[in-house]
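Notes to accompany the following structure.
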Amino acid sequence: MTHATRRTLGLLALSVALAGCALGPDYQRPDITTPAQFKQAEGWKAAVPADALERGTWWELYGDGELNALVGRLNVSNQNLAASEAQYRQARALLRSGRAAFFPTLSTSAGMTRAGQGGGEGTLRTSDGIAIGGSNSASISKNYDLSLNASWELDVWGKLRRGLESNRAAFEASAADLAAMRLSLQSELVQSYLQLRVLDEQQRLLDATVVAYQRALKLTENQYRAGIVPRSDVAQALTQLRSTEAQAIDLQWQRAQLEHAIAVLIGVPPSEVSIARRESLPTLPQVPANVPSQLLERRPDVAAAERRVIAANAEIGVAKAAWFPDLTLSASGGYRGSSFADWINLPNRFWSVGPQLALTLFDGGRRSAESERVEAAYDQTVAQYRQAVLDSFREVEDYLVQQRVLGREAEVQSQALDAARESLRLIENQYRAGTVDYNSVVNVQATALSNERSALTLLGSRLTASVQLIAALGGGWDEQQLNERDEERLQ
């Protein structure tokens with residue numbers, strides 16, 4: 001074994017021994033302050049990220065087939081979702097590119113060169129000795145080259161491994177971003193649809209009220225012609241009717257805007273979507289009290305924020321590895337000759353093999369600046385991750401208290417509505433008996449209608465809040481799956 005061979009093998013052994021280490025810090029989850037339980041609900045525990053759990057078709061909780069169909073169209077046709085999916089595929093390609101860096105690179109080349117030496121007006125001679133003409137001699141040579149080249153960068157300092165770690169984390173963050181975008185768009189569509197159905201119910205109420213007021217106006221006019229009531233009662237009845245008709249008309253543009261928003265969300269022009277009115281309202285779902293702390297673990301935005309911290313942490317290792325030499329093994333071989341006829345011939349064969357160390361000695365502070373940049377970028381992602389966790393807890397707390405308060409408000413509003421309906425029934429009977437004037441009837445009618453609309457508006461708020469709470473908890477849930485996860489924790 002020659003000295004050069006022993007030296008080459010020694011370098012290879014050293015590189016293998018060093019391959020197990022990687023510069024830069026290993027990732028550790030940043031410290032964050034999390035509550036032992038939520039303020040607005042008892043029995044909740046601190047969350048452990050589990051965004052891989054299945055979210056399911058959570059919009060089916062509202063029991064509306066048309067809504068289910070619209071969400072299905074959104075999942076395949078929404079353009080913002082398509083853009084996010086394309087970004088996810090880019091991150092996946094970068095991950096594949098990072099993996100490819102661990103393998104040798106092979107390349108081949110073939111070519112012919114023609115060169116001349118000498119000149120003037122002399123005779124030109126080819127490499128075969130053939131004279132072309134002139135008095136001052138010159139020569140032209142040809143070279144044919146065919147080669148196969150191989151190079152392999154050994155990951156001695158872990159630069160490639162840290163780079164792959166960063167790419168993998170970025171890919172997982174992109175997958176979480178895609179899930180977050182899908183959940184956000186689904187939530188937006190469901191909220192728009194539920195509000196549209198509440199407007200339909202308000203439209204039905206106002207239309208029925210207009211019919212009732214038309215009968216009241218006709219009755220008042222008959223009583224006026226009979227001399228029972230003054231002309232002012234007719235004016236008041238007409239005012240009440242026209243005011244309610246105006247309110248009914250006002251709902252049309254609000255409904256149209258919601259319909260247009262739904263059309264864009266499912267990826268079609270507004271002119272192609274027409275959602276028919278109907279009287280039934282979607283079901284108001286109940287979030288089980290025993291699952292929210294587990295649901296919060298699957299929030300994709302929090303998962304994406306943490307994976308960006310992982311990527312930024314790995315980039316520190318890449319920057320540190322830039323201070324150390326790169327070790328590359330390269331080899332090449334092929335045939336090189338001056339005649340095409342005997343080009344591929346044993347005497348024309350050539351080869352070379354050997355390691356190469358490359359180290360930057362001076363770069364004007366570029367590597368130092370890069371190290372400072374990636375460390376600052378890491379600090380930024382840590383702060384963003386902590387903020388995402390804080391925001392997630394705030395949102396859940398907000399929607400929990402909103403759900404609870406709106407539920408209590410709905411109970412009181414229901415009692416107020418019953419009282420308003422009873423008051424209206426009594427005042428109308430008194431007016432027919434001639435014991436009260438029409439002004440009293442108008443006031444009670446206005447109060448009753450206001451309570452009817454308030455009850456519907458409150459229902460719309462509760463439906464919207466339920467969607468927002470489900471989205472804040474990361475989507476829908478499968479109680480059996482969550483129970484199995486609880487059992488795994490206890491084991």
Side-chain angles (χ1 to χ4, degrees), residues 29 32 34-41 43-62 67-68 71 74-75 78 80-81 84-85 88 169 171-191 194 265 284-310 384-404 463-489:
R29 180 174 294 146
I32 55 175
T34 58
Q37 66 180 30
F38 286 96
K39 178 181 178 182
Q40 300 300 334
W44 286 25
K45 302 165 294 184
V48 176
D51 60 301
L53 287 177
E54 182 62 37
R55 291 172 180 82
T57 52
W58 58 268
W59 50 89
E60 293 182 357
L61 293 169
Y62 296 91
L67 173 61
N68 298 341
V71 176
L74 177 144
N75 290 335
N78 182 272
N80 288 327
L81 193 59
S84 186
E85 191 273 337
Y88 163 79
F171 165 69
E172 292 174 351
S174 181
D177 285 338
L178 176 59
M181 174 64 73
R182 181 181 293 110
L183 179 59
S184 175
L185 292 169
Q186 290 170 348
S187 172
E188 185 179 350
L189 173 61
V190 174
Q191 290 182 61
L194 294 177
L265 285 168
L284 178 64
Q286 296 296 322
V287 178
N290 61 329
V291 295
S293 64
Q294 302 167 49
L295 295 179
L296 181 59
E297 299 170 3
R298 303 163 312 134
R299 280 186 59 128
D301 57 335
V302 175
E306 182 181 359
R307 283 160 186 161
R308 288 191 171 87
V309 177
I310 299 175
Q384 290 171 338
Y385 167 63
R386 288 172 174 158
Q387 187 62 46
V389 173
L390 289 173
D391 287 341
S392 69
F393 281 107
R394 175 192 57 79
E395 288 180 5
V396 174
E397 294 278 17
D398 286 348
Y399 299 136
L400 277 174
V401 69
Q402 185 179 18
Q403 283 280 80
R404 190 182 71 248
L463 287 167
T464 298
S466 70
V467 178
Q468 293 170 333
L469 177 58
I470 291 173
L473 293 170
W477 58 86
D478 182 332
E479 291 194 51
Q480 180 179 358
Q481 185 184 50
L482 294 171
N483 291 334
E484 291 174 355
R485 179 168 164 79
D486 266 349
E487 293 174 0
E488 291 175 359
R489 285 178 171 177

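For the numbers below, each heavy atom of this structure counts, side chains included, while hydrogens, waters and symmetry mates do not. Keep in mind the model is a prediction, meaning the values are calculated, not measured. Heads up: numbering here begins at 1 and tracks the sequence.
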Less than 4.5 Å apart, side chain to side chain, heavy atoms only: is that true for [X] and [Y]?
X      : Y      : value
Val71  : Trp58  : no
Asp301 : Leu183 : no
Thr464 : Gln468 : yes
Gln186 : Asn75  : yes

What distance separates [X] [atom1] from [Y] [atom2], expressed to the nearest 0.5 Å?
X      : Y      : atom1 : atom2 : value
Gln191 : Leu265 : CD    : CG    : 10.5 Å
Arg182 : Ser84  : CZ    : OG    : 8.0 Å
Glu172 : Glu306 : CD    : CD    : 10.0 Å
Ser184 : Leu189 : OG    : CG    : 11.5 Å

Residues which pass ring-ring contact (aromatic ring centres under 6.0 Å, His included) with Tyr62, listed by chain and number, not counting sequence neighbours: none
Partner set under ring-ring contact (aromatic ring centres under 6.0 Å, His included) for Phe171, not counting sequence neighbours: Tyr88
Minimum-distance pair of heavy atoms, taken over all atoms of Asn80 and Leu185: CB-CD1, 4.2 Å
Atom of Val302, atom of Ala388 and distance for their closest heavy-atom approach: CG2-O, 3.9 Å
Can you list everything that forms a side chain to side chain contact (heavy atoms under 4.5 Å, CB included) with [X]? Sequence neighbours excluded, please.
X      : answer
Gln403 : Ala465, Ser466, Leu469
Asp177 : Ala304, Arg308
Asn68  : Trp59, Glu60

Evaluation steps, side-chain contact (heavy atoms from CB on, under 4.5 Å), between Val396 and Leu400: CA-CA 6 Å; Val396 174; Leu400 277 174; 3.8 Å; yes
Side-chain H-bond candidate by donor/acceptor type, Gln402 with Asp398, under 3.5 Å: no
Set of residues satisfying salt bridge (Lys or Arg N to Asp or Glu O under 4.0 Å) with respect to Glu395, sequence neighbours excluded: Arg299
Verdict with reasoning, Leu81 to Glu85, per side-chain contact (heavy atoms from CB on, under 4.5 Å): CA-CA 6 Å; Leu81 193 59; Glu85 191 273 337; 5.8 Å; no
